[in-house]
Amino acid sequence: MNTLQLYISKSARESARLAEINPSDEGRRAASDMKAAVALIDYPPSAKTVFFIVTNVQGGYAIHIIRTIPPTKPNHLDATIFVDKNLDLMAEDLKEVLDAVSSTVLAKAVTEEDMNRLRELFSREYDLRDKAPRIKPSRGSDYAFLSYGNGASLTISEILAEGLYRPEWSDYKAVCLLDNSLSPLPNSMTDLNGAYDDSEDDEPQTDPAYEADSEEPKDKDGASVSYVFSIPVIMPDGRSELEFELESSRPIQRSPIAGYAVSGKILEGPERVNRLRRATDKTLYERFEKWIWAAGGLLAGILLMAIIGLFRDSPAERPTAEVYQSSQPAAQSAQPAETSAASVNSDNRQQTATTAQPQPNEATAYLDNNRIWRLDDMEKIEGLQGLFDDMNNYRFEEITGKWAESLGASKNFAKVVKAAEKSVSKKVDPRRHADHSPSYNREGDTGIGWLGYTFWIDP
């Protein structure tokens, strides 16, 4: 099964499993009660607090998204994501899922609509590894913690980029990933932060069987450059997309599959998805569209000149038309002219509306071909400068106004606009949690997963 698994439980006086998505026996065993670990975290009991706990099992690893339940410690909701060791999961994909699930459990209640969104998110299929890593299960008796965020040496994105399965973490019962505003009770956990303070000077110590995805393509010193492409496929339960990664010593400038073309400019890097579509339909038509219009216009002009010449060569027919017009009442003869004018005006309005439709461009291609929208990339693309800042600071009036108009050709951004409109109509407070206040991202985090963003602003 090449999907992520989700288990939502409630741990209070009595523990109960509330929901499961894509369950397996291995995943159920991994979704064990974390009450003992939660009790060691120093958090305000009157507030809803979210943090992560990572455990390793033989078949993979589990990420427990813990949301505390006020006012009693250590009562909590636990949304456990189980990652099978065979899944080739990119860091930005995992970040997107973590954001979406975190925003869901932070809501007052998990509704059926929320569950439908999660089912859709967890129906996404991922590539399988050529060789699965050998997992060392968590067997230690002590807990450890690693901090991230403002003032810490790492961000959550950097932790995910290095990978959440690390053999050295298996020496502990579990490892807690804590926002820098949280800390464990004194002397209750082993501090792992010192092990990463010198990460800039030393090579990261990671499991060779589990290599983290690179943030940037390797394009120096003759090394290969990676590209990710997706192609539409039809599955028994509906349409889906098949993603595959290619490495090339030179830039790829056209579709690697015969009969398919790329929507927009081909982008490098493992986090950028280049979507392919058949080149035998609209793509080929667009290539010769100007010539088709030119040929059609020339043909129409020839026919029009022939018709005009025909009437000029037949003067006897003109009096017949004049007699017919003079035989009609004045009011009636004016009516066709008005109708014709109205028809012309209607046609003009329709043509103007068609012309006004936003057309795909480099900006919309970037939004539709990337799950993570990055500030550095967006500021280099005409038509995207300033969008990241408006999204990050919840300027919904700008998102649903000028950005909706200029980026209307983007399917992904249309969903962001819809979520922003619903957020305003529902009077949702996007700054309802410290993780996304005063802005959506923490300082220094310059990437926004657009899908997770929609789930957060429209929970």
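Along the sequence shown, residues are numbered consecutively beginning with 1.
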*Check the pair His64 / Thr80 against side chain to side chain donor-acceptor pair (under 3.5 Å), numbers first and verdict last.*
CA-CA 4 Å; His64 298 259; Thr80 302; 3.0 Å; yes
*Can you check side chain to side chain donor-acceptor pair (under 3.5 Å) on Asp42 and Ser183, steps first, answer last?*
CA-CA 6 Å; Asp42 185 11; Ser183 62; 4.6 Å; no
*asked:* Using ring-ring contact (aromatic ring centres under 6.0 Å, His included), reason through Tyr7 and Phe82 one step at a time and then give a plain yes or no.
replied: CA-CA 8 Å; Tyr7 305 87; Phe82 180 68; 7.4 Å; no
*Working for side-chain contact (heavy atoms from CB on, under 4.5 Å), residues Asn441 and Phe388*: CA-CA 10 Å; Asn441 278 355; Phe388 183 94; 3.6 Å; yes
*Dump the intermediate steps for salt bridge (charged side-chain N to carboxylate O under 4.0 Å, His left out) on Arg166 and Glu162, then the final yes or no.*
CA-CA 9 Å; Arg166 307 184 191 181; Glu162 290 188 25; 3.7 Å; yes
_I'd like to know whether Asp445 forms a side chain to side chain donor-acceptor pair (under 3.5 Å) with Thr155, so could you lay out the CA-CA distance, the side-chain angles of the two residues, the decisive distance to 0.1 Å, and finally the verdict._
CA-CA 8 Å; Asp445 188 356; Thr155 66; over 6 Å; no
*Could you please spell out the steps behind the side-chain contact (heavy atoms from CB on, under 4.5 Å) verdict for Ile257 and Phe244?*
CA-CA 12 Å; Ile257 298 183; Phe244 59 94; 3.7 Å; yes
_Between Ser410 and Asp368, is the side chain to side chain donor-acceptor pair (under 3.5 Å) condition met? List the steps._
CA-CA 6 Å; Ser410 168; Asp368 285 338; 2.9 Å; yes
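The distance from the CE atom of Met34 to the SG atom of Cys176 is 8.5 Å, given to the nearest 0.5 Å. One finds the NZ atom of Lys108 at 13.0 Å from the OG1 atom of Thr111 (value rounded to the nearest 0.5 Å). Annotation: the span from His76 atom NE2 to Ile66 atom CD1 amounts to 4.0 Å, rounded to 0.5 Å. Rounding to the nearest 0.5 angstrom, the gap separating the NZ atom in Lys10 from the CZ atom in Arg67 is 9.0 Å. Separation of atoms CD (Glu96) and CE (Met90) is listed at 10.0 Å; rounding is to 0.5 Å.
For Glu397, the CD atom counts as loosely surrounded, since its 6.0 Å shell holds 12 or fewer non-hydrogen atoms of other residues, nucleotides or ligands. Atom CD of Gln253 has 12 or fewer neighbouring heavy atoms from other residues, nucleotides or ligands inside a 6.0 Å radius. Within a 6.0 Å sphere centred on CG of Asn116, other residues, nucleotides and ligands contribute more than 12 heavy atoms.
For residues 177-188, the set of pairs meeting the salt bridge (charged side-chain N to carboxylate O under 4.0 Å, His left out) definition, not counting sequence neighbours, comprises Asp179-Arg442. Every pair passing salt bridge (charged side-chain N to carboxylate O under 4.0 Å, His left out) that includes a residue from residues 424-433 is listed here, sequence neighbours excluded: Lys426-Asp458. Among pairs with a residue in residues 118-155, none fulfils ring pair (Phe, Tyr, Trp, His ring centres under 6.0 Å), at least two apart in sequence or across chains.
Put simply, the side chain of Phe51 reaches to within 4.5 Å of the side chain of Val38, judged on heavy atoms. Side-chain contact between Thr190 and Tyr172: present, with at least one pair of heavy atoms (C-beta onward) separated by less than 4.5 Å. Proximity of Leu164 to Trp169: side-chain heavy atoms (C-beta onward) are separated by under 4.5 Å at one or more points. Here the side chains of Leu178 and Pro184 are in contact, with some heavy-atom distance below 4.5 Å. Taking the side chain as every heavy atom from C-beta outward, Ile53 and Leu177 never approach each other to under 4.5 Å. Side-chain contact between Ser9 and Leu77 is absent, with no heavy-atom pair separated by less than 4.5 Å. With a 4.5 Å cut-off on side-chain heavy atoms, Met391 and Val416 count as touching. Within the 4.5 Å cutoff, no side-chain heavy atoms of Ser102 are placed close to those of Phe455.
No side-chain donor-acceptor contact under 3.5 Å links Tyr165 to the backbone of Asn56. Checked by atom type and distance alone, the side chain of Asn274 pairs as donor or acceptor with a backbone atom of Leu267 at under 3.5 Å. For Asp127 (side chain) and Asp88 (main-chain N/O), no donor-acceptor pair under 3.5 Å exists by modelled atom type. Judged by distance alone, with hydrogens and angles left aside, the side-chain atoms of Ser188 form a donor-acceptor pair with the main-chain N or O of Leu185 at under 3.5 Å. At distances below 3.5 Å, not a single donor-acceptor pair connects side-chain atoms of Asn392 with backbone N or O atoms of Asp389. Put simply, the side chain of Ser406 gets close to the backbone of Lys402: a donor and an acceptor are under 3.5 Å apart. A donor-acceptor pair under 3.5 Å is absent between the side-chain atoms of Asp93 and the main chain of Leu89, judged by distance alone. Side-chain N or O atoms of Glu247 include none that pairs as donor or acceptor with a backbone N or O of Glu245 at under 3.5 Å. The backbone N or O of Thr49 lies less than 3.5 Å from a partner atom in the side chain of Thr68, making a donor-acceptor pair. Checking side-chain atoms of Asn193 against main-chain N and O of Ser147 turns up a donor-acceptor pair under 3.5 Å.
Ring geometry for Phe396 against Tyr394 counts as perpendicular: the plane angle is over 60°, on a 0 to 90° scale with 30° as the lower cut. Classification of the Trp373-Phe413 ring pair by plane angle, with boundaries at 30° and 60°, yields tilted.
Between the side chains of Ser15 and Asp33, at least one donor N or O sits under 3.5 Å from an acceptor N or O. Using a 3.5 Å distance cut-off with no hydrogens or angles, the side chains of Ser439 and Asn393 do not pair a donor with an acceptor. With hydrogens and angles left out, the side-chain atoms of Gln5 and Ser24 include a donor and acceptor closer than 3.5 Å.
A salt bridge is absent between Asp78 and Lys35: the closest approach of a Lys/Arg side-chain nitrogen to an acidic carboxylate oxygen does not fall below 4.0 angstrom. Remark: Glu92 does not engage Arg374 in a salt bridge, criterion side-chain N to carboxylate O under 4.0 Å. In summary, Glu26 and Lys85 do not engage in a salt bridge, as defined by a charged side-chain N under 4.0 Å from a carboxylate O. Checked for salt-bridge contact, Arg28 and Glu20 meet the test: a charged N lies under 4.0 Å from a carboxylate O. Comment: Asp376 does not engage Lys380 in a salt bridge, judged by the lack of any side-chain N to carboxylate O separation of less than 4.0 angstrom.
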